[in-house]
Structure formats: structure tokens, C-alpha cells
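Here the structure is laid out as C-alpha cells; the discussion comes afterwards.
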Amino acid sequence: MLQPFHLKMKDLKQNLNKGILASLQSLKFPTKPFSISPSKNPNFGDLSTNVALLLTKDLKKPPIQIAEEIQTALKKYLPSEIETSAVSPPGFINFVISDSFYQSYISTMLTEGPDFGRSNIGKGKTANVEFVSANPTGPLTVGHGRQAVLGDCVSNILEWNSFDVTREYYYNDAGRQMRILGQSVEARYFEALGKKFEFPEDGYQGDYIKDVAESIIETEGKSLSAGDERFRQTVEELIFTKIKKSLSDLGIIHDQFSNEKTFYENGAIKQLLSDLKEKNLIYEAEGATWLKTTAMGKEQDRVYIKSSGEPTYRLPDTAYHRDKINRNYDLVVDIFGADHADTYPDVLAALSALDISVDHIRVLIHQFVTLLRDGEKVKMSTRKANFVTLEELVKEVGKDVVRYFFIMRSMSSHLDFDLDLAADQSDKNPVFYLQYAHARITNIMKHGEALGHTFSQNFDASLIQEKTELALIKHLIRFPELSEQLYESLEPQVLATYLQELASHFHKFYGKCKVITDDKALTHSRLALITCVKLVFSNGLHILGISAPERM
RNA sequence: GCCCCGGUAGCUCAGCUGGAUAGAGCAUCUGCCUUCUAAGCAGAGGGUCACAGGUUCGAGUCCUGUCCGGGGUACCA
């Protein structure tokens, strides 16, 4: 039956660590920080330590000899879960964990259920994640999609680590871009009415601008005059509606929208300027207002207010960040594309100069998406309307595929999104590999139920002995540790890789072991095992925001 | 010029705080469906980890330099 211990891997490592320290002491060996890490190769057991290799210099002996001495001394300090230890060249000590440790872990997982793997790191804490933050000048493109999915997954990771998360969208609605957008609509409006019009030089050329103009004719009539605020207002509203729709198609819902205008209206920008002035960090030159970033250790000063009287994005962005900090989140996450990599250091520097702590701000920079169509790169520009919208993409290949494609690469890597591959070969898409595993498990359970085998806590874990079964448990055990790792890195790709490996372990197990058989005891043990696998799939896919289908 | 990210199999990419024989998917080739879902499994081929130095018992991983690709940087966001 069940072993009495339910130690987590972490505890086991700690106990082993203590044992090694004790044996070093008994040998009168010096102590150095060493590692106990999972062995990559099954031939090297489950855990390995490099302690002997680190002591070669101090002891002036071959590492393998040191390893043997430590191994001998260690024998009486070994935790009971360690079955055997062995020395292997060049001087590693490898440990094999007993099967019963793994077997007993099944009930631990089952007990924790849907909470298996969840961490308490953020218990009682709040976090704010700002992402997408595209200005409402056009529909979201595939390029925005990466940030949208990334931000949502990062938010999910924080929630999984018990944070109370606010998903936030910030946009600039007072600047030059929005003005040009309004002018573009205005031009199309007059064009549609057959009147004289002048299309702005940097105007937005997409057909959606014409659509907006048409809808203004319908709702506001034909008598608007040049410079009417309604052009800009209407286009902003309509585009925002589209943006929100694109996001919700992907399962993404922001809790809060913040905009630049607010900070002009509530005086926050004025206040920021005067606070910086008081610190002597603002000066006028060449008709513009400058922030003395050089005084904060930067290479050059930055323009805060252009000679035209319009502020650059830095000023409202800084006021916005100050506002976020004032809202007292324990953690503030900003997600930006590589094109914004240079903007945030100035924002943080200005805040620091005002003695505002920015230690709890984490900035994540993701690289760009390159869109491939017919094997060729598609250059995207919102202004030139040369883009594939996120909405089209989701319609074509589905939410799950889009989400998975966007987080399957680390954010520091460029992402090649092959449209043909995503659409035509969706059968071979890696996301289906994961979902298929989950659907298979569900199917086995249904099959079992039909034959009267229902899952129960009464099972004999010691019957789980096959290599593929133990490999499966070994992988499942890593999940809690992985969750904390995800919090550290805020990198969803790590989870995607983990789930791929889990699926691989499961499919191998499936090929080797039949779950529902005449052997009732074994059937129940294996049902317990696959229940755990299903649990981790469903928890993991939940974090990625990808559905876990019952059947495919 | 300077700053950031990348350069790993034909293609797209993993590789945790440096560790033992560098991995996956796609593509190519060979087997496996009367047995819980073949969207799967088993196997084969494919690599001077861009290049050159350095640190280390040990480097794809750390440091320096060079080359290539992407991004940023001079009042656009």
C-alpha cells in the first residue's frame, strides 16, 4: 500500500543536501556550494551531484577518488528514499530514487487535485500586467497578437502563483497619430460625398478608414464640416470596438483601460513636470522642453515637449507609470515589443529621480513576428494597411492554434509565423499533439466507465512499475517546481515545452501499457495515474489559455 | 557610430543557476491500426552549437573581439 511519506522532490533534495554536508564534515573536507540536479540521462540515475568535482583543487586529488570517499561516507546519511548511489566519471555521484517514492506521489497529486502545482508566492499580493496597449489607429495585426497572448499568459502565470492580477491596456489618444487618423477619416468622408478633400501626407490608407467615413455619413449625416471632433471620436470608438472583439476572440479580456488624456485632465502631467523642475531636471532649449536624462546616467537628454507644443510619448508614459505605482501594486509588469526597448529606461529613470521606487516593475521585451506567406516575408505597417489582421488569423486557424504559435518560442527570439503552415497543415500543429493526449485520456476514462471501472482512491500504487509509467510520474513531479520557475522567468514558452514533453511521455505510455484490462487492480492503478496526467494537462493548458478537449 | 535581441540538424526552434553521449517538431526514409482515438508509436539519416581567442577540472551556456540577421537610437509611438 501507500508509503507513509509524501515528500516533495524539493524536500528530498534538501535532505540529500544535508546528508552530503554531513559526510563532507565527517571527512573533514571543505564545503563549497554544490548542486544537486536531475540527471539528464536515465543511465545516471535520478539525481546527480557535482560536489566532488568542485573539491579537486582544494584536495589535490583526482575527482573520482574524492567522489568515492564521499559516496562511502554518505551511506549512513542517505535519505531513505534514495535506493542506490554510484560514482561515475569524471566524478559525479548519481542517485537512484526508489520506485515507491514515485508511486506514492500519485496520491499526493490526487489530493491536491486542481490545485496541484499552484504556488503561494503571490498570496495576498496584487499585480498589474500592461499589454497590447496599441493605439486605436487600426485593427490589431498579427504583430500585436504575440504581445496579446504573451501578456495574457503572463497574467495567467501570476494568477497560478496566487497573485490578484489586473490586466491593463494603455493607449495614447492625445498625440499626433490620433490627429492624423481623424484627418484621414475626414478626407475619406469628403471624398465619399464628392467634395474637395486633402488626404494627409502620413494618412492611414486602409479600407477600414473608408468604412468609418461611411458609417459617419449614416449616423451623423452629410453636413459635418472640416475639423469636426466627431471624425476622430467616431473612428476611435469604432476601432476600439474591433480591437476588443479581436482580443475576446482570443480569450483575452482587459480589466482596465487607461489613456493619456486622463493625465492631462487630472493634472498629473503638469504635476510631474513641476516635480521634475523642482529637481532641476527640466530645461528649455531649441524651442523644446528637455528632460535632463544625462543627469540620470543616460547618454543623451530627451525631448519631453516638442517645439510644436506637443509632448513626446515619454512625458505621459511617465505620468501613467507614476499613477500605476500609486495604485500600490506589489508587482507591475510592462510588456513591450522590441521597438519600445529604448523607451522604458527613461521612464524608470525619471521616476527614480523623484525618489519613486521602481524595484517592483518588471519589463518584458519580446522580439518581432515575421509573417511568412508563400515562403516570403510580409512587411507590415498599420498606416499602409499592409497587414494581416489578428481577427482574420483567428478565424482562419482558430484560437488555440494562434495562442500556441505565439508562445511556443521564447520572447527573446524572433517569431516566424508561417501562414500557410498554420492554415494548411494544422493537422500537424504541435498544439494538437497536446490536446490529443488530453482527449485520449478522457476517452480511456469513458471507456473504463462503460465497463464499470470508475476511478477511486483505493488503488495499489506499487503496481505502477513499467518504465513508461515511472517516466510519466517523474515528469509530473516537476510541475510544482516548474510553476515557480514560470513566475521567475514569466516565460510561457517554458510551459509549452514542458507540456510537449509530458504529451510525449503519455503517448509512449499509451503505446506500451493498456489501462483498461481484465486485471482490475492494475486497471484502477493506471486510472489513478492517468487522472494525474490529465490534471497536469488541464492545469497547464489553462495557464496557456488553450482548451483541453474531451475528444478530437 | 552606439545600445538591445538573435546566429544550434535541410527548415522553425528547445537546451534550467556552466556538467557526463547536444534535443524536439516539420521535411526525407523504414516498419506498426481485428485490441482504451494512427492528430499516435517504434526506428534511420542529418551537427566543426556563426568564427577566433580567453576563464574553468569541464563551455552551446560565462568574458573579449570579429562577421551576419532583426530592432532601437538625431523633436513618431
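So that the names make sense, note that chain A is the first sequence line, chain B the second, and so on, each numbered from 1.
Note on A:Q500: nothing from the nucleic acid sits closer than 4.0 angstrom, heavy atoms only. A:E286 comes within 4.0 angstrom of a base, heavy atoms only. If you check every strand for non-hydrogen atoms under 4.0 Å, A:S88 touches a base. Contact annotation for A:L54: base contact, defined as any heavy-atom pair under 4.0 Å involving a base atom.
For a distance-only test at 3.5 Å, the side chain of A:T343 fails to qualify as a donor-acceptor partner of the base of B:rA77. Applying the 3.5 Å distance criterion, the base of B:rG72 shares no donor-acceptor pair with the side chain of A:D339. A donor N or O paired with an acceptor N or O is found under 3.5 Å between the base of B:rA20 and the side-chain atoms of A:N94. Within 3.5 Å, no donor on the side chain of A:D416 pairs with an acceptor on the base of B:rU12, nor the reverse.
For B:rC51, the base is anti relative to its sugar; the glycosidic angle deviates from 0 by more than 90°.
The aromatic rings of A:H438 and A:F537 sit perpendicular to each other, their planes meeting at more than 60°, with 30° as the lower class boundary.
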Query - Criterion ring-ring contact (aromatic ring centres under 6.0 Å, His included) on A:Y498 and A:H475, from CA distance to verdict - result: CA-CA 9 Å; A:Y498 171 85; A:H475 201 72; 4.4 Å; yes
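Distance check on atom C1': B:rC4 versus B:rA42 gives 45 Å, rounded to whole Å. Separating the C1' atom of B:rG72 from that of B:rC11 is a span of 29 Å, rounded to the nearest Å.
Side-chain nitrogen and oxygen atoms of A:R440 include at least one within less than 4.0 Å of the OP1 or OP2 phosphate oxygen of B:rA38.
Looking at the side chain of A:Q485, the nearest of the listed nucleotides B:rG19, B:rC16, B:rU73 is B:rC16. The side chain of A:H507 approaches B:rC41 more closely than any other nucleotide in the set B:rC41, B:rC57, B:rC75. The side chain of A:K57 approaches B:rC57 more closely than any other nucleotide in the set B:rC57, B:rC5, B:rC13. The side chain of A:S413 lies closest to B:rC13 when the candidates are B:rU21, B:rG70, B:rC13.
Between the P atom of B:rC36 and the CG atom of A:L522 lies a distance of 17 Å, rounded to the nearest Å. Atom CD in A:Q493 sits roughly 6 Å away from atom P in B:rA14 (whole-Å rounding). For the pair A:E484 CD and B:rU17 P, the interatomic distance rounds to 16 Å; values are reported in whole Å. Between the P atom of B:rC75 and the CG atom of A:D342 lies a distance of 13 Å, rounded to the nearest Å.
Across the strands present, B:rA50 finds its partner in B:rU66; the criterion is a Watson-Crick or G-U wobble pair with both atom distances under 3.5 angstrom.
A salt bridge links A:E69 to A:K61: one of the charged nitrogens lies within less than 4.0 Å of a carboxylate oxygen.
For the 3.5 Å distance criterion, the side chains of A:Q500 and A:S504 fail to qualify, holding no donor opposite an acceptor. Counting only N and O atoms by type, the side chains of A:H321 and A:T318 include no donor and acceptor under 3.5 Å apart.
Under the stacking criterion of a centre-to-centre distance below 5.5 angstrom and an interplanar angle below 30°, A:Y433 is not stacked against the six-membered ring of B:rA39.
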